[in-house]
Amino acid sequence: MKKAIVALAVLVAVGIGAWFVLRPAQTAPDVTFTTLEGKTFSMQDLRGKVVLVKFWATSCVTCVKQMPETISAYNEYSAKGYEAVAVAMDYDPPNFVLNFAETRKLPFPVALDTKGDIARAFGDIRLTPTAFLIDKKGNIIKRYLGEYDVAEFHATVEKALAS
């Protein structure tokens with residue numbers, strides 16, 4: 001009986017592991033972004049690039065703290081096929097977002113999500129910062145919530161850019 005329970009536990013563990021490895025990658029929703037400048041583009045337009053979609057707010061202390069690293073990663077990898085899109089939450093006043101983007105000289109597109117449609121499409125995002133790293137085929141590689149390991153993030157970006 002004991003051997004059967006152990007065998008069943010091993011079988012369940014192997015099955016769970018196989019599910020994580022073999023399951024199809026989740027495709028990022030094909031949303032349309034509208035930048036502070038009024039330009040529009042979609043996730044489909046970004047195919048072929050490694051993309052960070054970052055939900056943030058000017059009132060979010062961790063978001064503000066992370067922004068220099070987001071800028072640094074963009075500056076380091078953008079010439080290699082990396083894009084970042086900062087999506088301002090629907091509750092963030094557009095004039096606050098514009099002021100933040102201008103004073104920090106954000107080099108990547110900043111999109112307004114005034115109706116919350118983009119946040120809903122990505123799984124009803126309510127907590128900031130929440131970010132998604134998306135591969136060249138449009139599949140979500142990783143989801144980040146709050147603080148994250150910067151070295152691991154860079155390693156993941158580099159691996160995605162190399163593939």
Side-chain angles (χ1 to χ4, degrees), residues 12-36 39-92 97 100-101 106-163:
V12 168
V14 168
I16 290 171
W19 181 81
F20 277 105
V21 172
L22 301 175
R23 71 180 168 154
Q26 183 181 357
T27 302
D30 191 24
V31 296
T32 298
F33 302 100
T34 302
T35 68
L36 291 170
K39 296 178 183 174
T40 61
F41 61 94
S42 69
M43 281 304 305
Q44 191 66 36
D45 297 329
L46 298 173
R47 288 282 168 96
K49 292 186 175 196
V50 174
V51 180
L52 180 72
V53 176
K54 186 167 195 160
F55 293 89
W56 70 290
T58 58
S59 60
C60 166
V61 174
T62 304
C63 301
V64 172
K65 177 183 168 193
Q66 287 179 353
M67 206 53 84
E69 167 51 33
T70 305
I71 293 167
S72 177
Y74 178 82
N75 289 337
E76 182 174 347
Y77 299 118
S78 63
K80 299 174 184 173
Y82 173 82
E83 184 64 81
V85 182
V87 180
M89 298 298 286
D90 60 352
Y91 55 79
D92 211 353
V97 177
F100 187 96
L106 300 184
F108 40 78
V110 177
L112 296 173
D113 189 17
T114 57
K115 296 180 182 173
D117 294 339
I118 300 169
R120 273 190 295 284
F122 272 87
D124 203 18
I125 304 304
R126 294 173 190 251
L127 300 175
T128 57
T130 297
F132 295 85
L133 189 62
I134 300 161
D135 70 14
K136 296 175 184 178
K137 296 177 184 174
N139 297 315
I140 297 172
I141 303 170
K142 185 102 176 173
R143 178 182 174 168
Y144 300 92
L145 177 61
E147 295 283 349
Y148 61 95
D149 182 302
V150 173
E152 183 275 331
F153 173 76
H154 282 261
T156 305
V157 168
E158 290 170 10
K159 182 179 177 184
L161 287 169
S163 65

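Numbers here simply count residues along the sequence, with the first being 1. Note: hydrogens, waters and symmetry copies are ignored here, and every other heavy atom, side chains too, is used.
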Can you measure from [atom1] ([X]) to [atom2] ([Y]) and round to the nearest 0.5 angstrom?
| X | Y | atom1 | atom2 | answer |
| --- | --- | --- | --- | --- |
| Thr114 | Met89 | OG1 | CE | 12.5 Å |
| Thr128 | Gln66 | OG1 | CD | 9.5 Å |
| Asp90 | Asp113 | CG | CG | 6.0 Å |
| Arg120 | Ile125 | CZ | CD1 | 12.0 Å |
| Tyr74 | Glu83 | OH | CD | 4.5 Å |
| Thr27 | Ile134 | OG1 | CD1 | 10.0 Å |

Considering all heavy atoms, the nearest [X]-[Y] contact:
| X | Y | value |
| --- | --- | --- |
| Thr62 | Gly146 | CG2-C, 4.4 Å |
| Leu52 | Thr70 | CD2-CG2, 4.3 Å |
| Val110 | Ala101 | CG2-CB, 4.1 Å |
| Asn75 | Pro107 | OD1-CG, 3.9 Å |
| Lys54 | Pro129 | CE-CB, 4.1 Å |

- Verdict with reasoning, Met43 to Val53, per side chain to side chain contact (heavy atoms under 4.5 Å, CB included): CA-CA 10 Å; Met43 281 304 305; Val53 176; 4.0 Å; yes
- For Leu145 and Phe55, what are the C-alpha separation, side-chain angles and deciding distance, and is it a side chain to side chain contact (heavy atoms under 4.5 Å, CB included)? CA-CA 10 Å; Leu145 177 61; Phe55 293 89; over 6 Å; no
Does [X] reach the side chain of [Y], with side-chain heavy atoms less than 4.5 Å apart?
| X | Y | answer |
| --- | --- | --- |
| Leu46 | Val85 | yes |
| Pro29 | Phe122 | yes |
| Glu76 | Val157 | no |
| Phe33 | Lys39 | no |

- Item | Parallel, tilted or perpendicular, as decided by the 30° and 60° cut-offs, for the rings of Tyr77 and His154 | tilted
Looking at [Y], is its backbone amide N or carbonyl O close enough to the side chain of [X] to form a donor-acceptor pair, meaning the two atoms are under 3.5 Å apart?
| X | Y | answer |
| --- | --- | --- |
| Asp117 | Ala121 | no |
| Arg143 | Phe132 | no |
| Asp92 | Thr58 | yes |
| Arg126 | Ala119 | no |
| Lys136 | Leu161 | yes |
| Asp30 | Gln44 | yes |

- Message: Any carboxylate oxygen within less than 4.0 angstrom of a Lys/Arg side-chain nitrogen, looking at Lys80 and Glu158?
- Response: no
- Message: Hydrogens and angles aside, do Thr156 and Glu152 bring a side-chain donor and acceptor to less than 3.5 Å of each other?
- Response: yes
- Identified ring pair (Phe, Tyr, Trp, His ring centres under 6.0 Å) partner of Trp56 from the options Phe100, Phe108, Tyr91: Phe100
